[in-house]
Visitor: 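Have a look at this one before I ask anything.
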Amino acid sequence: FEVTRDTNLKSRLAKLDKLIKLLPATLEVASKAAVGVAHKREETEEETQTALDQKLASALEGNTVAPDNQVLQDSDYFAENHKEMLQHIGAVEKEPDYVPSAL
């Protein structure tokens, strides 16, 4: 499903809303025993009170529906996390925690 700017946007958004409602709330997958913290997504009050077509139209304009005080971070904010994860999995060398002193 591709959202484009055309005269049928409202009808296409209505179809998309119906398609989204067909998706299951939970996906059953076969795996080993659960490890770690279970993650879940909770919608904020602003998100639940805003209609889907308003959210999508706003997103097409480059805006989002989020709480007033929430700051959406760009990728630069998470650059160190990415670098740390690459070091953790051994994809890049870990930087030393200290700088050796010259004798």
Side-chain angles (χ1 to χ4, degrees):
F1 191 87
E2 184 178 340
V3 176
T4 58
R5 293 188 183 276
D6 60 15
T7 57
N8 299 335
L9 182 59
K10 284 199 175 199
S11 67
R12 297 187 76 202
L13 290 175
K15 288 178 186 176
L16 178 60
D17 187 40
K18 290 176 185 175
L19 288 172
I20 289 172
K21 288 179 181 176
L22 290 173
L23 293 173
T26 305
L27 296 176
E28 298 292 332
V29 294
S31 67
K32 298 177 183 176
V35 177
V37 178
H39 299 279
K40 65 180 183 177
R41 181 187 182 286
E42 295 180 9
E43 287 191 346
T44 63
E45 187 176 336
E46 290 85 353
E47 291 173 317
T48 55
Q49 292 178 354
T50 306
L52 179 62
D53 60 338
Q54 289 176 319
K55 291 180 198 177
L56 293 173
S58 177
L60 284 172
E61 294 170 3
N63 303 317
T64 58
V65 176
D68 294 331
N69 297 331
Q70 182 175 345
V71 177
L72 300 176
Q73 306 296 342
D74 61 7
S75 62
D76 292 341
Y77 180 80
F78 299 101
E80 285 299 314
N81 294 359
H82 178 72
K83 186 175 169 183
E84 185 179 315
M85 181 54 67
L86 290 176
Q87 291 171 352
H88 180 71
I89 63 173
V92 296
E93 282 189 36
K94 185 175 181 181
E95 295 177 5
D97 294 335
Y98 65 94
V99 177
S101 60
L103 295 176

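Predicted model, so just to flag it, every value in this text is computed and none were measured. Counting begins at 1 with the first residue of the sequence. When reading the values below, keep in mind they use all heavy atoms of this one structure, side chains included, and skip hydrogens, waters and symmetry mates.
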Visitor: Restricting to salt bridge (Lys or Arg N to Asp or Glu O under 4.0 Å), what partner residues turn up for Lys18, sequence neighbours left out?
Guide: none
Visitor: Can you name the residues that form a side chain to side chain contact (heavy atoms under 4.5 Å, CB included) with Leu52, not counting sequence neighbours?
Guide: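 Leu52: side chain to side chain contact (heavy atoms under 4.5 Å, CB included) contacts with Asp17, Ile20, Leu56.
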Visitor: Holding to side chain to side chain donor-acceptor pair (under 3.5 Å), I want the full list of residues that pass it with Glu45, two or more places apart in sequence or in another chain.
Guide: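 Partners of Glu45 by the side chain to side chain donor-acceptor pair (under 3.5 Å) criterion, ordered by chain and then number, come out as Gln49.
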Visitor: Please identify each residue that fulfils salt bridge (Lys or Arg N to Asp or Glu O under 4.0 Å) with Asp53, with sequence neighbours left out.
Guide: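 Partners of Asp53 under the salt bridge (Lys or Arg N to Asp or Glu O under 4.0 Å) test: none.
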Visitor: Residues in side chain to side chain contact (heavy atoms under 4.5 Å, CB included) with Gln87, at least two apart?
Guide: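 For Gln87, the residues satisfying side chain to side chain contact (heavy atoms under 4.5 Å, CB included) (neighbours in sequence not counted) are Lys83, Val92, Lys94, Glu95.
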Visitor: Could you grab the distance from atom NE2 of His88 to atom CG of Asn81, nearest 0.5 Å is fine?
Guide: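 Here the rounded value is 13.0 Å.
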Visitor: Mind checking what makes side chain to side chain contact (heavy atoms under 4.5 Å, CB included) contact with Ala91, not counting sequence neighbours?
Guide: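 Ala91 satisfies side chain to side chain contact (heavy atoms under 4.5 Å, CB included) with Leu86, Ile89 once adjacent residues are dropped.
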